[in-house]
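A short worksheet on the structure shown next.
For clarity, every value in this text was computed on a predicted model and none was experimentally measured. Every number for a ligand or one of its atoms is a count from 1 in the order of the listing.
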Amino acid sequence: MNITIFQFFHWYFPADGDLWNHASEQAQRLADLGITHIWLPPAYKSAGGTGEPGYAVYDLYDLGEFDQKNTVRTKYGTKDEYLQCIKAIHDRKMGVLADIVLNHKLGGDEKEDVPVQQVNKENRLEKISGQTSLKAYTLFTFPGRNGKYSDYIWDWHSFSGVSKGEEIYIILNEHTNGEWENVMERQYGNFDYLMGCDIEYRNPAVREELKRWGKWYIETTGVDGFRLDAVKHIAIDFFPEWLPFLKASFQRDLLCIGEYWKADINALLGYIDATGGMIQLFDVPLHFNFYKASKAGKGFDLRTIFDDTLVKARPELAITFVDNHDTQPLQSLESWVEPWFKPHAYAMILLREQGIPSVFYPALYGAGYSDTKNGQQFDIHIPPTGELETLIRIRSAQAYGEQYDYLDDPGIIGWTRTGRDDKPGSGCAVLLTNAGGGEKWMNLGERNAGKILVNALGDASHEITLNEKGDGLFNVAPGKVSVWVFKNENKN
Ligand code: CA
């Protein structure tokens with residue numbers, strides 16, 4: 001069975017507390033389509049209460065259970081609804097990936113006098129003040145939870161940095177000794193600090209607390225893996241300690257995907273090496289290739305679409321995606337793949353042998369929302385990608401076997417899958433163009449000689465019969481994608 005992840009949220013999902021229930025209701029539909037794993041948004045209490053998607057972490061142990069930040073539930077619902085949602089997904093034989101944010105915390109309960117030194121925002125290795133004291137919200141006592149599950153109190157010894165407005169300060173405690181942590185990312189000299197109170201991993205008590213939390217989280221929720229937020233800002237050696245600890249504790253594997261947000265393939269490969277290949281990574285370079293191709297139209301050379309991508313360099317570790325909650329319109333990292341190219345991009349992540357694809361919620365369900373950007377108000381309407389359901393179904397049922405590539409023309413590329421004996425009726429052919437369309441001879445292997453294919457995305461009455469070598473002449477309309485499957489064996 002091909003693995004297919006579904007990202008069940010977007011940044012502007014309504015804050016009505018209904019996401020867990022909605023996901024429970026949709027679990028059957030997603031399982032029927034062929035989705036195998038559902039990536040749920042951060043489930044614990046945000047400093048922003050119900051008004052923030054969950055990346056402004058306040059209390060990792062509050063999954064919508066305690067009256068904190070003026071609310072019991074989170075943006076997405078209550079703890080009971082979350083656990084019900086996970087059960088509904090498990091009942092359909094799908095896995096759950098939890099989105100966890102371990103780089104920072106926000107919304108501290110009390111201020112402390114914190115010894116600090118200000119650093120240059122553009123070069124965090126450069127101190128631009130002497131030792132001084134800053135009143136900062138670094139004390140997290142979680143009064144609403146009152147010690148349940150863990151009595152760990154976070155204070156300024158648990159953090160390496162704080163900010164005040166635009167100013168960034170390194171905390172001077174016995175763990176930092178005035179130095180940032182060893183993170184992979186060298187942008188700004190050292191990119192340990194991202195936001196809020198930056199978690200200090202050289203403090204052994206912090207590591208022990210996060211191990212305790214990881215065990216509690218898996219015991220409580222039964223999740224099957226993690227999407228690890230902002231890994232490029234977290235001490236390199238933390239996850240290689242934390243993940244084996246959890247896998248050993250539960251005697252099971254966990255699917256772990258790191259978000260290393262950078263289009264540079266060498267940065268991703270460096271992180272993979274440094275973490276021993278135990279963390280899969282989102283293929284950010286591929287996303288940007290899709291983005292550029294969608295903007296350039298027929299000016300983009302499709303032969304280069306996989307150049308300098310993770311799915312090409314390390315396919316076994318690549319999580320491929322078209323868009324996500326950070327790239328969607330009006331977000332600060334906006335790089336939205338143009339709608340005309342989405343079927344192309346989804347075909348390239350769903351129907352090829354390499355990579356594990358992650359499908360974004362609005363592509364299946366659409367989305368509508370308003371926000372301001374650069375002081376201007378925008379209303380966004382995202383329609384579903386009409387071809388997506390068919391592509392997911394074909395991935396689940398037919399995209400198996402050897403892959404023959406025809407990435408040989410700037411304006412029209414294709415590939416075939418020859419099918420596999422244990423997947424009756426499997427095999428497919430894909431042809432896509434960003435230009436005037438056309439034809440291409442492609443081969444599906446002698447095992448398929450004489451078989452008939454029909455176009456699952458276009459005029460299904462048009463049939464192609466493979467010759468004795470398994471060759472067929474496939475065609476695609478201008479600017480479109482054709483996906484051909486064996487006749488009578490496509491139950492869509
Ligand atoms: Ca950090």
Side-chain angles (χ1 to χ4, degrees), residues 42 44 46-47 54-60 99-108 112 114-127 134 136-140 152 154-164 166-211 213-214 226-243 256-262 267-268 270-271 274-275 279 281-282 284 326 332-333:
Y44 29 75
S46 163
Y55 296 97
V57 188
Y58 166 64
D59 184 359
L60 291 165
D99 195 323
I100 63 170
V101 184
L102 299 183
N103 178 63
H104 51 262
K105 296 173 87 70
L106 288 99
E112 297 181 296
V114 184
V116 296
Q117 258 187 303
Q118 191 179 350
V119 299
N120 179 348
K121 214 176 143 236
E122 301 303 321
N123 175 12
R124 280 79 181 285
L125 298 174
E126 183 192 343
K127 313 271 177 23
L134 187 72
Y137 278 101
T138 45
L139 189 61
F140 291 74
Y152 190 83
W154 296 73
D155 64 13
W156 63 276
H157 300 277
S158 302
F159 301 113
S160 57
V162 286
S163 59
K164 181 182 163 192
E166 293 284 287
E167 299 167 355
I168 298 173
Y169 296 87
I170 188 161
I171 294 175
L172 305 174
N173 62 34
E174 68 279 26
H175 307 294
T176 71
N177 293 312
E179 304 287 341
W180 295 110
E181 293 213 65
N182 181 23
V183 298
M184 204 71 207
E185 187 55 48
R186 293 290 167 226
Q187 195 182 354
Y188 307 120
N190 172 302
F191 211 170
D192 182 10
Y193 188 82
L194 177 65
M195 62 195 290
C197 299
D198 191 73
I199 292 178
E200 169 56 63
Y201 282 98
R202 287 162 296 191
N203 181 343
V206 164
R207 291 194 183 224
E208 287 312 304
E209 168 61 5
L210 290 176
K211 284 181 183 171
W213 174 76
F226 299 111
R227 179 264 184 191
L228 307 170
D229 185 65
V231 295
K232 73 180 181 184
H233 307 287
I234 295 174
I236 298 169
D237 64 357
F238 172 63
F239 288 119
E241 176 182 333
W242 192 73
L243 292 170
C256 294
I257 308 168
E259 178 227 14
Y260 198 109
W261 195 260
K262 196 153 190 175
L268 272 54
Y271 188 77
T275 51
I279 301 173
L281 291 181
F282 286 109
V284 179
D326 287 321
S332 59
L333 298 174

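Summarising the local packing, NZ of K164 is surrounded by 12 or fewer heavy atoms from other residues, nucleotides or ligands at distances under 6.0 Å. Applying the 6.0 Å contact sphere to OH of Y152 captures more than 12 heavy atoms from other residues, nucleotides or ligands.
A ring-ring contact (aromatic ring centres under 6.0 Å, His included) with F159 holds for exactly one of Y137, Y193, F140; it is F140. Among the candidates M184, R186, E185, the single residue satisfying the side-chain contact (heavy atoms from CB on, under 4.5 Å) test with F191 is E185.
In the model, N203 has a side-chain atom that pairs as donor or acceptor with a side-chain atom of H175 under 3.5 Å.
R207 meets the salt bridge (Lys or Arg N to Asp or Glu O under 4.0 Å) test with D237, E241; sequence neighbours excluded.
Listed by chain and number, the protein N, O or S atoms at a distance under 3.0 Å from the Ca ion (ligand 1) are N103 OD1, D192 O, D192 OD1, D198 OD1, D198 OD2, H233 O.
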